[in-house]
*Asks:* 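Handing you a structure now.
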Number of protein chains: 2
Amino acid sequence: MRGAIHMLVTTRLSSSFRPILLDFVFPCSPPCNFSIPRRLICAAATKANGGGGGGRSGSIVAPPLLTQDEDFQKIDVNPPKGTRDFPPEDMRLRNWLFNHFKEVSRLFGYEEVDFPVLETEALFIRKAGEEIRDQLYCFEDRGNRRVALRPELTPSLARLVIQKGKSVSLPLKWFAVGQCWRYERMTRGRRREHYQWNMDIIGVPQVTAEAELISSIVTFFKRIGITQSDVGFKVSSRKVLQELLTKYGVPEDMFGRVCIIIDKIEKIPIDEIKKELGFTGISEDAIEQLLQVLSVKSLDDLEDILGGAGEAIADLKQLFSLAEMFGYSEWIQFDASVVRGLAYYTGIVFEGFDRKGKLRAICGGGRYDRLLSTYGGDDIPACGFGFGDAVIVELLKEKDLLPELGQQVENIVCALDKDLQGAAATVATALRDKGQTVDLVLESKPLKWVFKRAARVNARRLVLVGKTEWEDGSVSVKVLSSGEQFQVKLSDLE
Amino acid sequence: MRGAIHMLVTTRLSSSFRPILLDFVFPCSPPCNFSIPRRLICAAATKANGGGGGGRSGSIVAPPLLTQDEDFQKIDVNPPKGTRDFPPEDMRLRNWLFNHFKEVSRLFGYEEVDFPVLETEALFIRKAGEEIRDQLYCFEDRGNRRVALRPELTPSLARLVIQKGKSVSLPLKWFAVGQCWRYERMTRGRRREHYQWNMDIIGVPQVTAEAELISSIVTFFKRIGITQSDVGFKVSSRKVLQELLTKYGVPEDMFGRVCIIIDKIEKIPIDEIKKELGFTGISEDAIEQLLQVLSVKSLDDLEDILGGAGEAIADLKQLFSLAEMFGYSEWIQFDASVVRGLAYYTGIVFEGFDRKGKLRAICGGGRYDRLLSTYGGDDIPACGFGFGDAVIVELLKEKDLLPELGQQVENIVCALDKDLQGAAATVATALRDKGQTVDLVLESKPLKWVFKRAARVNARRLVLVGKTEWEDGSVSVKVLSSGEQFQVKLSDLE
């Protein structure tokens, strides 16, 4: 609550006087050089909305930070709720994972890009009622701009593609690994930030693009030891729904909204789904048929329902045929219930799932051919996926596939005498100049301590700088794995 | 202004009725499911502060986003003011730079860490009036917590060290490369975010630590082609000032504040400096002497003034002696005017500068032995530096040392016939399985287009999948540098 101004808001439009305490926030807190009133009493008229409540009065409250001048008290040593520190052991895992993301992307010829983690809020506001929008981590900055910590990377990518315009040659094949934020209630240990690996293809209308994207994820899985018996991909196309909705006369601009509702099928009661679908103007009959089609798990059955002439069937057939040629047909299956929870998808959609059914979707993606025009750009066919860093680590843990990653240095260099610390520095520099990693002992420590540290950092060799040897330009080397020990001139030390 | 609620605030405590229009911001904008009044008129009593002004009335204003349901208009395709996109060409430079940061850190045996980019605001609020504090990018989140985008990494590191407590063995040698934010006026093209490379040593009280930190920066400079004739390090110690202030009877708790004032010497007029120093209780005489000492550029002269017995002189002498043994004594020089702008430094301070004097400091750091106790932890001796990604790139540009970094893939694979796209996928997969990078042409394109793309992605080979060869399990390969062309069985293609 530090830095907030408590305002007593009273209801003028409601019949009873009912004070509501709200916390209004300044674009920035008082110490940030804003001209704001030091003391503020506010009596406001408002339509009572049932929020807030409570009757705190005595409402002359000074902004705490303005007058703050005391020394700091003990701070909370944990990172803010829902966020993570990455101490070395966690950072090693993160680097291991990200390196696989990046190496696979490069193997497929994709170029790395990034965007600001703080974007204009408008970039993420769509009218479809997505979960991602309701959980936007948004603020107003000191220039009165509505900004948000990005909940996903695709809108920024679309923005950049529009900005680049004709200066780039299509297709673009881009990847990114970036932190994304969502403000959700902290249940079940879900976090408010995660890192997401994205690969996107801009400028290819054919299903070859989606097929390659899935191929890259399969390649990633294989590299980290995940097999087709651990995970699979459910694949469908938004065109299935679109063809059905057209059949039922549902207006095209309701399409995104219907998809979002259908994506909630396993999350909220089916009656709620039906009610929400009803609001969009779909008849009860149509809703029943729609829900039936969504349970279809075979492409042949779908073809019986939709007929063979539509794009949905054609796209899906091509995808399955390409999957065979890419070599991952055992990994994918048709599932009409997959629509994904983002409003902008227009064609093939897919999600990676664990076959034990214990975890949330591991990754998800699809085609979004019309996203650019919602931002005022010319549409370019596009598709991509997002792959978070949370569920995959849960899966690796479960399969006991998390790698053992210790620190590793080649040399630990130590002076045997305080006067030789400069000499040890010279030795460390010589080794580093040769490209050897060196942990230099910076204090005078007993040998026992040095051996303990050498073990902890997994040093390959211990290089000791002693008086007699150093006078001769030599050092003692102990190979820690074998115990082998020898003296060598510094210039000969490789 | 989207999502803000305009409130008409009137002065009750001032004699004249003078409406002030303020923008109050909700912890989140209305669409984010907060219970807030839809319409709000607020008449507030406030001590007039001269801020705001204007007389906008008609103050029943609906929060714009609540009723928003229209399609999106053209958005701003630029990233938010002061932030950057990283299209591939910029990302390659960023990766090149960061890889050098990381490789040097590992060469020195440091472990990588990271912290949340969004931290509790309290972590960064110190009472010394630092520039960094005045430019805090701060917000209130939806849980009414004061948070800030980190302006630097050291406070988070200190927080994590306290949290880890006795579970870690000292010394810690940690590095991080993370994005930092500061909300400053957008003059002279300065940005609101930059990436910073930090290296820190926790648990070493001796100057060997600072000496190694500077050695790592020198190693970095050398790797990227920057020499001692391009840059240098100015070195001093906060203990110089401390010994002077003790001499003048200035209370110890004014120390941080005095350092911040002195750090502004080249940024604001000297009379302003003197005035500010006067406020801290230093006599006019003492201020004059202080400013004289700060102009000292030789350690011998400083010793004449301070005498030889103090820690300041001893530390600095040791540092210069170690610099020689590390092999970078030509890079560093004593300069009493260096104090650095962060309140928490306690000992050696240093900054990297370009010898032409055109740029801001390239990097800076020092010892901060008492930071942990300001957060309620037990103090542990510590030192570190921050090295931003902005000034170094300016310097590299100026020296014409920016690397040429193009995209690079080993193969571009293309079907000569639409029906062979599946076959091309098989070829791409086979090559990728062998670790070869492949840009797969995902559409049916004329050969001319393919050659153009091959040139753009710097492909080493063009692999063509034609009908006749494929029936035989073969492909055509053209080595693009030599023009050499041959047919090969896919299984033999390395």
Side-chain angles (χ1 to χ4, degrees), chain A residues 1-3 23-25 28-29 35 37 39-42 44-47 49 51 72 74-75 77 79-80 83 85-86 88 91 107 109 111-116 120 134 138-140 142 144 146 159-160 162-163 183 204 208-209 325-327 374-376 409 422 425-426 429 432 437 439 442, chain B residues 1-3 24-25 28-29 33 35 37 39-42 44-47 49 51 72 74-75 77 79-80 83 85-86 88 91 107 109 111-116 120 138-140 142 144 146 159-160 162-163 183 204 208-209 325-327 374-376 409 421-422 425-426 429 432 437 439 442:
Chain A
M1 301 288 272
R2 186 164 241 159
D23 287 315
F24 290 93
V25 187
C28 197
S29 74
S35 56
R39 284 166 201 286
L40 191 70
I41 311 169
C42 172
T46 174
K47 195 169 164 186
N49 71 335
F72 256 98
K74 187 147 191 158
I75 58 144
V77 295
T83 70
D85 285 319
F86 289 91
M91 196 68 195
L107 203 57
E111 295 181 279
E112 191 170 2
V113 293
D114 197 10
F115 321 98
T120 306
D134 294 338
C138 49
F139 308 100
E140 183 155 304
R142 292 167 74 173
N144 294 336
R146 292 295 311 170
R159 180 179 58 62
L160 181 56
I162 299 171
Q163 182 201 311
Y183 197 95
V204 177
T208 43
M325 299 301 280
F326 271 108
T374 66
Y375 294 134
V409 300
T426 303
T429 300
R432 287 164 179 161
T437 57
D439 179 28
L442 299 165
Chain B
M1 303 290 271
R2 184 163 244 158
F24 289 92
V25 188
C28 198
S29 73
N33 283 345
S35 56
R39 282 163 204 288
L40 190 70
I41 312 169
C42 172
T46 172
K47 196 168 166 189
N49 72 334
F72 256 98
K74 187 148 190 156
I75 56 142
V77 296
T83 70
D85 285 320
F86 290 91
M91 195 69 195
L107 204 57
E111 296 182 278
E112 192 171 2
V113 293
D114 197 9
F115 322 98
T120 306
C138 49
F139 308 100
E140 183 155 303
R142 292 166 76 174
N144 294 336
R146 294 294 312 169
R159 182 180 56 61
L160 181 56
I162 298 172
Q163 182 201 310
Y183 197 95
V204 177
T208 42
M325 299 302 279
F326 272 107
T374 66
Y375 294 134
V409 300
Q421 282 186 342
T426 303
T429 300
R432 288 164 178 161
T437 57
D439 179 28
L442 298 166

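A, B, ... follow the sequence lines: proteins, then strands. Residue 1 opens every chain.
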*Asks:* Without swapping roles, check the side chain of Thr429(B) against the backbone of Phe326(A) for a donor-acceptor pair under 3.5 Å.
*Replies:*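 At least one qualifying donor-acceptor pair exists.
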
*Asks:* Report which part of Thr426(B) has an atom under 4.5 Å of a heavy atom belonging to chain A: side chain, backbone, both, or neither.
*Replies:*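 For Thr426(B), backbone and side chain are both near chain A.
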
*Asks:* What residue in Tyr183(A), Phe115(A), Phe86(A) has the most heavy-atom pairs under 4.5 Å with chain B?
*Replies:*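 Of Tyr183(A), Phe115(A), Phe86(A), Tyr183(A) has the most heavy-atom pairs under 4.5 Å with chain B.
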
*Asks:* Write down the atom of Pro88(B), the atom of Glu111(A), and the distance for their closest heavy-atom approach.
*Replies:*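 Nearest heavy atoms, Pro88(B) then Glu111(A): CB-OE2, 3.4 Å.
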
*Asks:* Tell me the closest heavy-atom pair linking Ala209(B) and Leu442(A), and the distance in Å.
*Replies:*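 Smallest heavy-atom distance, with atoms named: CA-CD1, 4.0 Å.
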
*Asks:* Provide the closest heavy-atom pair for Gly376(A) versus Lys74(B) in the form atom of the first, atom of the second, distance.
*Replies:*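 The answer is O-NZ, 3.6 Å.
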
*Asks:* To the nearest 0.5 Å, what is the distance between CZ on Arg159(A) and CG on Asp85(B)?
*Replies:*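 With rounding to 0.5 Å, CZ (Arg159(A)) is 4.0 Å from CG (Asp85(B)).
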
*Asks:* Of all heavy-atom pairs between Val409(B) and Gly109(A), which one has the smallest distance, and what is that distance?
*Replies:*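 So the two residues come closest at CG1-CA, 3.8 Å.
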
*Asks:* What part of Val77(A) gets closer than 4.5 Å to chain B, counting heavy atoms only: side chain, backbone, both or neither?
*Replies:*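 When you check distances to chain B, atoms from both the backbone and side chain of Val77(A) fall under 4.5 Å.
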
